[in-house]
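Chain A is the first sequence line, chain B the second, and so forth, proteins listed ahead of strands; every chain is numbered from 1. These numbers come from the heavy atoms of this one structure, side chains and all, not from hydrogens, waters or symmetry mates.
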Number of protein chains: 2
Amino acid sequence: MSLPHAAAREDDASTLGVEIYSRLRRDLIAGHLQPGERLRFRQLSASYGVGIAPLREALSRLVSDQLVRFEGHRGYTVAPLSMADLYDLCALRTDLSCKALRQSIERGDDDWEAEILAALHRLERSPLPQSVGERKVSDEWEQRHERFHFSLISACDSPRLLHFCGALSDHFQRYRRAVIVVTSASEELLQRVREQHRAVAEATIARDADRATQILAEHFQGSVEVVARNYEAISRDLASGPVPVRG
Amino acid sequence: MSLPHAAAREDDASTLGVEIYSRLRRDLIAGHLQPGERLRFRQLSASYGVGIAPLREALSRLVSDQLVRFEGHRGYTVAPLSMADLYDLCALRTDLSCKALRQSIERGDDDWEAEILAALHRLERSPLPQSVGERKVSDEWEQRHERFHFSLISACDSPRLLHFCGALSDHFQRYRRAVIVVTSASEELLQRVREQHRAVAEATIARDADRATQILAEHFQGSVEVVARNYEAISRDLASGPVPVRG
DNA sequence: AACAGCCAAATGTTCGAAATTCCAGCGCCT
DNA sequence: AGGCGCTGGAATTTCGAACATTTGGCTGTT
């Protein structure tokens, strides 16, 4: 184990503050923290094994990322979820991602095409989590899914647009993972999603911007609908029976 | 004692951290801090009269806002400016603002129209700074200008889109104020800008989305060109004669 | 029983100092 | 001369404790 410059460097050059920022961010997006949950310093300090100073730094950044809310003298809380925000988020994400995809299709080179195919392959080979508890499987799939979607738009030469797309993608992922606690997808749905991934990759590499953005938009639209259905189901559950997943 | 709920509340509920965040943010956008300049804690602590803890908090947020850069164990620096970023920024800003304007035109009510007219009036009555040193005049004009542009898109019902527009507007303002140190505008240019403001307000209230977005895009395009010209002039100055404003 | 006011515990905020890391200058070796 | 490693100083990072604010409960009154 000694290999890598990169990893060791990261550890060195990195401070506790940014490390905790990354970990908290991951956990927020993965849904390990309940929306609205208070983020108490004592509790966080114990779970993450760091002092308060780095935590404040990390949480401050997350406030600007809009993943965490802050109220003076009352502490930090996990940003809430809402249907209105979900739709807003997704409309904007669709718009910006399609814009980025068009630019990417205009400018992409051979390496970009190769990366798309590679990412698609990794995604298709990634096993889907069969039960709720399989965090590792779920994390792995999410990472590959994210990477595939990023590969599509990565040739777009607007860093700011990519940044926004990434931020929106993270927020959407939080909705998805918060809501789809049970693998509630039918085989038919899964098949359709896989087909959309293949189709968007194909159209993208064929430089058919209209078709690619069309499929991507449909793909996002489908995802939103699934999330929205699950969200409403969960809201009903919460209203009738108290089923706190955590806390 | 106890009367004013609102005002007292604001002061109370606010922490040093968020207060410093606002002040730093204002100063960054206003160009009082040079791009690339190191932000040393001792120096900041002295100028702003606060300890290191609130400063770290504020700077962390500004990193996520992309107004400040951070390198582990090497501290914080003011985010640099570049022509490439300027064009990227403005292309995206134009796109998103026009999108928001369209939505706003679809949904705006009487109060929205009234606010646009009020903001336009305040902007037209605001004196322009005649010399470099007039910070107060400059701040006042910028605030009214900002408010006018915000009023146009404020009826858009996408909080996230508005947030992005605001962030991009702040970044662009930083370019403008960093670069236009001398009031280098010809009377002709000023007149054209005033005319654009009037025209976009008029078209917006007339619910002519095509015309309004057209004018807004031209307005932004014109601004970019002015900023770009000044930026290049300043770059030449810096290249030929060493004129470090600070540091 | 309901409610205002107050007290104490918990929590968040800020400071000062210790530990760690970077950087520039200097001497030394090739 | 040029490169390498060391070292002293400066800056950043982190912690622990002091300070301030909120919150929930208790008491006493109506």
Side-chain angles (χ1 to χ4, degrees), chain A residues 5-25 28 33-34 36-64 67-79 247, chain B residues 1-25 28 33-34 36-64 67-79 244 246-247:
Chain A
H5 264 9
R9 262 301 230 177
E10 286 291 340
D11 277 4
D12 272 277
S14 204
T15 66
L16 272 183
V18 315
E19 194 182 317
I20 287 306
Y21 168 70
S22 301
R23 290 177 60 191
L24 267 173
R25 189 173 226 284
L28 283 162
L33 299 153
Q34 284 305 108
E37 181 181 344
R38 287 196 63 178
L39 296 165
R40 292 196 178 79
F41 287 111
R42 280 206 11 205
Q43 176 186 334
L44 293 177
S45 191
S47 358
Y48 290 92
V50 297
I52 288 174
L55 278 174
R56 290 193 79 84
E57 211 172 303
L59 289 169
S60 295
R61 283 208 205 184
L62 290 166
V63 168
S64 268
L67 288 167
V68 160
R69 274 172 158 43
F70 172 75
E71 262 181 300
H73 295 284
R74 289 176 52 182
Y76 296 86
T77 53
V78 180
Chain B
M1 79 191 53
S2 45
L3 47 148
H5 267 2
R9 257 321 215 164
E10 285 294 337
D11 276 3
D12 273 272
S14 191
T15 66
L16 273 183
V18 314
E19 194 183 317
I20 287 307
Y21 168 70
S22 301
R23 290 176 60 191
L24 267 172
R25 188 174 228 283
L28 283 163
L33 299 153
Q34 284 305 107
E37 181 181 344
R38 287 196 64 179
L39 296 165
R40 291 196 181 78
F41 287 110
R42 271 194 51 179
Q43 176 186 334
L44 293 177
S45 191
S47 359
Y48 289 93
V50 296
I52 288 175
L55 278 173
R56 289 192 79 81
E57 213 172 300
L59 289 169
S60 295
R61 284 208 204 186
L62 291 166
V63 168
S64 268
L67 288 167
V68 161
R69 272 173 159 42
F70 171 76
E71 262 181 300
H73 296 284
R74 288 176 54 182
Y76 297 85
T77 53
V78 179
R246 189 176 186 153

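Distance CZ (F41(B)) to P (dT21(C)): 17 Å, rounded to an integer number of Å. Put simply, CZ on F70(B) is 14 Å from P on dT21(C), counting in whole angstrom units. For the pair Y21(B) OH and dT13(C) P, the computed distance is 16 Å after rounding to whole Å. Between the C1' atom of dC15(D) and the CD1 atom of I20(A) lies a distance of 15 Å, rounded to the nearest Å. Between the OH atom of Y76(B) and the P atom of dC22(C) there is a distance of 15 Å, rounded to whole Å. Atom CG in L39(A) sits roughly 20 Å away from atom P in dA10(C) (whole-Å rounding). Between E71(B) atom CD and dC22(C) atom C1' there is a gap of 11 Å when expressed in whole angstrom units.
Between F70(B) and Y76(B), the angle of the ring planes lies from 30° to 60°, which puts this pair in the tilted group.
Interatomic distance, CG of L33(A) versus CG of L44(A), reported as 7.5 Å (0.5 Å rounding).
Residues forming a side-chain hydrogen bond (donor to acceptor under 3.5 Å, both in side chains) with T77(A) (at least two apart in sequence, or on another chain): none.
When each of V78(A), I20(A), L28(A) is paired with L62(A), the side chain to side chain contact (heavy atoms under 4.5 Å, CB included) condition holds for L28(A) and for no other.
Taking every side-chain heavy atom of R74(A) into account, dT23(D) is the closest of dT21(D), dT12(D), dT23(D).
Under 4.0 angstrom from either OP1 or OP2 of dT11(C) there lies at least one side-chain N or O belonging to R40(A). At dT12(D), none of the side-chain N or O atoms of R42(B) fall inside 4.0 Å of OP1 or OP2 (strictly under the cut-off).
Within a 6.0 Å radius of CZ in R69(B), no more than 12 heavy atoms belonging to other residues, nucleotides or ligands are found.
The stretch residues 49-64 of chain B touches DNA chain C through G51(B), A53(B), P54(B), each having a heavy atom within less than 4.0 Å of the strand.
When the nearest nucleotides of DNA chain D are assigned to L16(A) and R38(A) by heavy-atom distance, the more 5′-ward of the two goes with L16(A).
At least one donor-acceptor pair closer than 3.5 Å links the side chain of S22(A) to the backbone N or O of V18(A). Under the 3.5 Å distance criterion, the side-chain polar atoms of R38(A) are matched with a main-chain donor or acceptor of R74(A).
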